[in-house]
Amino acid sequence: MAATDIARQVGEGCRTVPLAGHVGFDSLPDQLVNKSVTQGFCFNILCVGETGLGKSTLMDTLFNTKFEGEPATHTQPGVQLRSNTYDLQESNVGLKLTIVSTVGFGDQINKEDSYKPIVEFIDAQFEAYLQEELKIRRVLHAYHDSRIHVCLYFIAPTGHSLKSLDLVTMKKLDSKVNIIPIIAKSDAISKSELTKFKIKITSELVSNGVQIYQFPTDDESVAEINGTMNAHLPFAVIGSTEELKIGNKMMKARQYPWGTVQVENEAHCDFVKLREMLIRVNMEDLREQTHSRHYELYRRCKLEEMGFKDTDPDSKPFSLQETYEAKRNEFLGELQKKEEEMRQMFVQRVKEKEAELKEAEKELHEKFDRLKKLHQDEKKKLEDKKKSLDDEVNAFKQRKTAAELLQSQGSQAGGSQTLKRDKEKKNFF
């Protein structure tokens, strides 16, 4: 009997029985809380928006601290993601907070591919978690989960409509991360313009099919407040780390020549609503949605690419072992096929190389024969020329010998005539 059939029978045979007395497993929630507090929590925020919209200031204001960081410039050649992790402690609860900012986003002339580094970064965090999950010896309890839990998308307070860059980027990200759109520096436009701007943004998001994060309403304890806050999206926020004395209290605010804007005054901006929804009410839901929805989608697509399936072609349950065996056999078959193809290709190339070598050898022999014949012809010509020169030398020697002989004979004849004349002269006197 297959393991899936056994599990199905166990599930179908479940019954509810009463207890005769106190057992103690009602303390499980307390045990879970204690364990979670001991281990601590992690929360990862991705801040997407153009340079100068106050992303770093808002993070400082949200967590009531000063995070270290260098101010970004408008001269970046491309979009870079800068990640910083901080350990925060509030009461006895520890939080490992990671803030990822998009440096240089929207600063380029050509913004067509500005979203790609962000998508690649989110996928890289999913891939790292998947690789850790697929290890034989896993240490997920000690693994630093770097998956992005929420994306705060900062919208410039233009008062008109969303930029095409904003729509394209949010459309590419909505299936990978929980998006909460916020209007940055909302004190730059009037209240009436802000209301119209919110309606315009919501309309454009719906018409372009962009799925932003909706605060959950299935839990009765938070259904009312979340339902109300969903109607306030996108939040219009202001950030400030400066504290001014207003009345008898020191409050975070921004001082202008025309007056003071209080960050935590809900009549001035939606900062309190954002903090309430993001940190105090829905932080765990954001973490859960990241794992159960976005990561599961990535994991399913990745495993399907690798050939793993839940059911066979007949829609019957397919175990992981059967999938592995089928994939392994398929891989071995492909490997053998490729090996045979490579062997045949190798044999074919060897034959072609042998033919080329034989052809080259034949050409070398023909060339050698031509050169040998040419050498023999040249040698014969030289021998003939040498013989001709030897004949000329011998003839010259013969002519020289004859000439010397004639010369010696002539000199002897001349000497005898001279003696005869001298003798005649003597006789005369």
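Thr61 places a side-chain N or O within donor-acceptor distance of the main-chain N or O of Ser240, the cut-off being under 3.5 Å.
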From CA spacing to verdict: side-chain contact (heavy atoms from CB on, under 4.5 Å), Met251, Val263: CA-CA 8 Å; Met251 304 182 69; Val263 173; over 6 Å; no

Steps toward side-chain contact (heavy atoms from CB on, under 4.5 Å) verdict (Arg370, Lys367): CA-CA 5 Å; Arg370 287 197 303 270; Lys367 187 175 181 180; 3.8 Å; yes

Evaluate the side-chain contact (heavy atoms from CB on, under 4.5 Å) criterion for residues Glu354 and Val350: first the C-alpha distance (whole Å), next the side-chain angles of each, then the deciding distance (0.1 Å), finally the verdict. CA-CA 6 Å; Glu354 286 180 350; Val350 168; 3.8 Å; yes

Could you please spell out the steps behind the salt bridge (charged side-chain N to carboxylate O under 4.0 Å, His left out) verdict for Lys380 and Asp377? CA-CA 5 Å; Lys380 186 177 180 182; Asp377 293 341; over 6 Å; no

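Remark: Met342 CE is loosely packed, at most 12 non-hydrogen atoms of other residues, nucleotides or ligands lying under 6.0 Å away. Within 6.0 Å of the CD atom in Glu242, the count of heavy atoms belonging to other residues, nucleotides or ligands does not exceed 12. Heavy atoms from other residues, nucleotides or ligands lying under 6.0 Å from NZ of Lys171 number more than 12.
Ring planes of Phe105 and Tyr153: perpendicular class, angle over 60° (limits at 30 and 60°). The aromatic rings of Phe63 and Phe67 lie perpendicular to each other, with more than 60° between the two planes, well past the 30° mark.
Checking each of Arg275, His232, Lys198 against Asp270 for a side chain to side chain donor-acceptor pair (under 3.5 Å) leaves exactly one that passes, namely Lys198.
With rounding to the nearest 0.5 angstrom, the CG atom of Asn208 is 8.5 Å from the CG atom of Leu162.
With ring centers used as reference points, Phe215 lies under 6.0 Å from Tyr213.
The minimum heavy-atom distance between Glu132 and Val139, with the atom names listed, is OE2-CG2, 3.2 Å.
Donor-acceptor pairing under 3.5 Å is recorded for the side chains of Tyr295 and Glu133.
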